[in-house]
Amino acid sequence: MATLALARFGPGLLWDSQQPVAGWTAVAANLVVGIGWIVAFARFLRGLDELQRKFLQDALEVTLGVGWVGGFAYVVADAAGLVAYDVNIALFPVLLGVVYSIAFVVGKIRYR
């Protein structure tokens, strides 16, 4: 979150927005931290027992599906002029987080 905030708000608050090197450095730092997070999560998944891994993978499958289907549906509806107002992109990760949480809980209940 810190590197994302730095990349997003740094050009206006910490350095002049006309300094592209600082901006690209912040974006690169965010990408490096993100790749580290992905590697750490993959290691975490490999360390889980089979049933717990199944819960997480099923929830991730549902979340990915909702992200692709919902995201593309919104893009198509917006391009066709069917959306009357712009949706803040920050709502998309919130939606995915809620979908993931619900899918994980449903998976745990289903396998009891």
Side-chain angles (χ1 to χ4, degrees):
M1 295 273 291
T3 59
L4 181 61
L6 181 67
R8 170 62 179 93
F9 300 113
L13 298 175
L14 299 176
W15 61 83
D16 184 20
S17 62
Q18 300 302 318
Q19 295 177 334
V21 173
W24 282 111
T25 302
V27 169
N30 185 45
L31 287 172
V32 168
V33 169
I35 290 168
W37 183 84
I38 292 169
V39 169
F41 188 70
R43 287 181 183 164
F44 168 74
L45 280 177
R46 283 192 296 271
L48 293 175
D49 66 34
E50 291 179 21
L51 187 57
Q52 189 71 17
R53 189 177 319 128
K54 173 99 172 108
F55 296 152
L56 286 171
Q57 287 177 334
D58 287 351
L60 288 170
E61 290 168 5
V62 170
T63 305
L64 179 64
V66 167
W68 276 82
V69 172
F72 285 125
Y74 176 77
V75 167
V76 169
D78 189 38
L82 301 174
V83 179
Y85 57 92
D86 287 332
V87 175
N88 187 347
I89 192 65
L91 293 177
F92 189 64
V94 171
L95 169 69
L96 295 181
V98 169
V99 168
Y100 175 79
S101 298
I102 291 170
F104 183 78
V105 169
V106 167
K108 286 199 77 104
I109 291 170
R110 191 175 70 193
Y111 283 101
R112 280 189 174 186

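The basis for the numbers below is simple: all heavy atoms, side chains too, and nothing from hydrogens, waters or symmetry mates.
Looking only at distances, a side-chain donor or acceptor of Asp49 sits under 3.5 Å from a matching main-chain atom of Gln52.
There is no path of hydrophobic side-chain contacts, each under 4.5 Å, that joins Val33 to Phe41. Criterion: ILVMFWY side-chain heavy atoms under 4.5 Å apart, direct or through other members. Under it, Phe44 and Ile38 are not part of a common hydrophobic cluster. The hydrophobic cluster containing Leu95 does not contain Val75, counting ILVMFWY residues as joined when their side-chain heavy atoms lie under 4.5 angstrom apart, directly or transitively. Side-chain heavy atoms closer than 4.5 Å link hydrophobic residues (I, L, V, M, F, W, Y) into clusters, and following such links, possibly through other members, connects Leu56 to Tyr111. In the hydrophobic clustering of ILVMFWY residues, with side-chain heavy atoms under 4.5 Å counting as a link, Tyr100 and Leu45 come out together.
Side-chain atoms of Leu6 and Leu14, non-hydrogen and from C-beta on, do get closer than 4.5 Å to each other. Side-chain contact check for Leu60 versus Leu64: every heavy-atom pair is 4.5 Å or farther apart. Phe55 places none of its side-chain heavy atoms less than 4.5 Å from the side chain of Leu48.
Annotation: Arg8, atom CZ; neighbour count of heavy atoms from other residues, nucleotides and ligands within 6.0 Å does not exceed 12. Heavy-atom neighbours of Arg110 CZ from other residues, nucleotides or ligands within 6.0 Å: above the threshold of 12. Open room surrounds CH2 on Trp24; 12 or fewer heavy atoms of other groups in view lie less than 6.0 Å from it.
Nearest heavy atoms, Ala7 versus Ala26: CA-CB, 3.7 Å.
If you take OG1 on Thr25 and CG on Asn30, they are separated by 12.5 Å, rounding to the nearest 0.5 Å.
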